[in-house]
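Side chains are part of it too, since the values below use all heavy atoms of this structure and drop only hydrogens, waters and symmetry mates.
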Amino acid sequence: MFATNKYTLLTVVFFSICILLTGCGTSPQPVQETSPQNSAAASEGAPGLEGTVFYAVSEIGLPSSEAELTADILRGDNWVAREKETRFWGGTLYRFSELFEMVEEKNIYMGACIQRLAPPYDHWDTQGIFYLEEEDSDLWVEALAGVAGQDVLLEMRSMADEKRYLARLEWGSGVETLLEMPEELSGGFWYQEDEMYRAVSGGGRKLTVFDEEGQQQASQNLTGKVAGFLEAPQGGEWTWYGFDQEELVLWDQPGGRVQARITGQISQYEDFAIGYSPSGELILADAGHVWIHDGHETREAFSFLEKDYALENLIGLGTGEDGAFLFLADLEGRQCLLEAKTVSAADMVEKQEVFIVLNNPSPAMQKLAARYNRESRAYHVTITAAGDAGDPEDYRRRVQMEMAAGGGPDLLGDWTVNIRECIAQGYLAPLEEAVGDLAPFVETAFMTAGAEGRLYGAAYECYPYFLTVSSQLADASSWTLEQMYEAVENSPAQVLEMGMDGVGIVMTYGLHDEESKVFIDWEKGESHLMEEPFLELMAFAKGYEDRDEYPRAETGERLAKGQIAGVQIVLSVPVQLNRARSCFNGEASCIGYPREAGSGVYMEGARLYLNKNAGNREGALDFLRYLLSEEGQRQYMEYGSDTNQGCWMNLPVRRSLLQECLDRYQQSVNDPPVQSYDDRGIYWEWEKLDQEQVALFWEILDQAVPAVFRSDDIWSMVDEELQPYFNGARSAEDAAGALHSRVQLYLDERK
């Protein structure tokens, strides 16, 4: 983002600009829990919404399974339960944990704990099975195997001969061994019916029957793929479901008569749930949608996303006593229980819509908006992300035209419009009211979006970036352009910075230092781009630009040898300081870019801007306050965390959370540390920062200066006029002269 023209790295903010123009500029409209087309049922011929049934979704408390692990289960202070398996059968969630006694460094197996959570999912039933509690038994619980009425079937293994057995746990009583289990049926689903034991195995494609004495009676291949069973709300009869080709099929028994075929909603390759409503209708759901099948047709009831629940996984569903649907799901890294109740249109909660436009998709922001929507009684946030269609410059002009006409979204992200121009034209409103006192924040992150002493952009994450070189090249906290020339020219370097072309060097190393008057005096509006210092910069850039004349995978090796002088480090996560060291054989200097005065560490951030003519100004400000609150910041960072490494992948703007960010990284490091690498042949380790690096982490944050460059507005001019010089088609004097004329005209127009 920083090494080349920023604008060329951005994607457009809509799949079509018409999406924006359609919804913006109007007064805020009430948002219902779901749209009419997603209702479960509507009165025939009813005008408007009268009689339409909607669903209101809310989260209700899910009991803790760990709370049921009493002293009857964990029989000593050094006992632990480790979850091994969970299954959802017939509307009930079963949980199997192994029990261990921790003796010094040894884990001694003591038995198993079986738990079940049945509708209405308000408490766990828990029972322990203790190894060798009976002297004549050496069976070890291996897995959950199935159900037998109200009892649980278990797969058990003998420690003496390794044979497997099917056993029944009678709830509230003991364990009864039923039969020796053939090896090929291990891992199948077992159930009891009419004193017979049946096993569905082979991925749901084979049925094997045993009598009450444990003797195998029959075996048959099934025409479909059985996935599970349902218990009917009336009569308690079982219905089996599975797949035949791509169709969801219901049978009266495995391989029996087909009761229904349903096409188009549920995929066998994704997690789904199925169950009956109290009235006997079939309910289908996946992590995105819920459908109802009445025996003739399937209609959508609602979408979880429209209800602001971005489910990671759907475990199963059941029904409450009042007929509400209950969904067990994984949400934000935890198990939750959602309740969907029918409500009339008159009882729907009305919220005022807040429209936000971001340049790129942001899963973290989407999740935070969904959380906000669930908590807010007054406002509902809708975020639109970018597509790849259209030209960025044309896009900015068209959106700004809409804003000039009094329309546009309520909040805008970076690069969705020309921010500097919008501030100058009065299209954006200052945000001091939403941000308040800057003392709790990394102030430089907010200074990246200010103008004339006013704050126009609310930063919600930040990341300093800087040049890193070998300590042998330069061992200092900063340097000037002339000092850099001398150091690089007296080194073995053939390339200045990895991936940096000539125009990038001119901009990043020269014109971005706007406090220097050598190239452009922005206060006086004078260009000096025809003078000798700029010609010297051009020559240096041409001599040390990266032309990709070496295999990409050799970059790491060339950095280590000093053939490439430097690499840009973006400190979005603490491990980047390890990456900086690894590029230079452990001897790195985070010196920053050359400047006449001060640090060459630049601070960037991600920001939101308020449309002066926002249709829902109060709602927009309310969401900004939530985003910048300590709770909102922590949640946003959590949503953007690396689940594999367990640490935040961006830096928060609240100072109180920066230490937490660093601590989370230090605690997440494995021993031995995990090694990472990229396609440039750069290797680094996820290991703890040492004291020197921790001090450097805070020094970088304290010394960073805002990455606000007026020169970025002339980047396209620099690129157009200097590229012929770098390509050998134009002299330095001609290229500099043409650029000087255009820049001086640009400066004159703004005097």
Which residue pairs pass the salt bridge (charged side-chain N to carboxylate O under 4.0 Å, His left out) test when at least one of the two sits in residues 150-161, sequence neighbours left out?
E142-R157, E155-R164, R157-E162
Among residues two or more places apart or on two chains, list those pairs meeting salt bridge (charged side-chain N to carboxylate O under 4.0 Å, His left out) that have a residue in residues 263-280.
none
Partner residues of D125 under the salt bridge (charged side-chain N to carboxylate O under 4.0 Å, His left out) criterion, sequence neighbours left out
R116
Please list all pairs meeting salt bridge (charged side-chain N to carboxylate O under 4.0 Å, His left out) that have one or both residues in residues 207-219, counting only residues at least two apart or in different chains.
none
Just jot down the ring-ring contact (aromatic ring centres under 6.0 Å, His included) partners of Y241, sequence neighbours excluded, or say none.
none
List for me each residue that meets salt bridge (charged side-chain N to carboxylate O under 4.0 Å, His left out) alongside E101, sequence neighbours excluded, and say none if there are none.
none
Taking salt bridge (charged side-chain N to carboxylate O under 4.0 Å, His left out) as the definition, give me every residue that meets it alongside D663, ordered by chain and number, with sequence neighbours left out.
none
Please identify each residue that fulfils side chain to side chain contact (heavy atoms under 4.5 Å, CB included) with D252, with sequence neighbours left out.
R257, Q259
By side chain to side chain donor-acceptor pair (under 3.5 Å), E631 pairs with (sequence neighbours left out) none
Return a table of donor-acceptor pairs under 3.5 angstrom between the side chains of residues 188-203 and protein atoms on other chains or two or more places apart.
from : atom 1 : to   : atom 2 : distance (Å)
Q192 : OE1    : R168 : NH1    : 2.9
Y197 : OH     : R168 : NH1    : 3.3
R198 : NH1    : E193 : O      : 3.1

Qualifying residue for salt bridge (Lys or Arg N to Asp or Glu O under 4.0 Å) with E59, from K307, R334, R374, R371:
R334
Just jot down the side chain to side chain donor-acceptor pair (under 3.5 Å) partners of E85, sequence neighbours excluded, or say none.
R87
List in chain and number order the residues that pass ring-ring contact (aromatic ring centres under 6.0 Å, His included) with F243, two or more places apart in sequence or in another chain; answer none if no residue qualifies.
F272
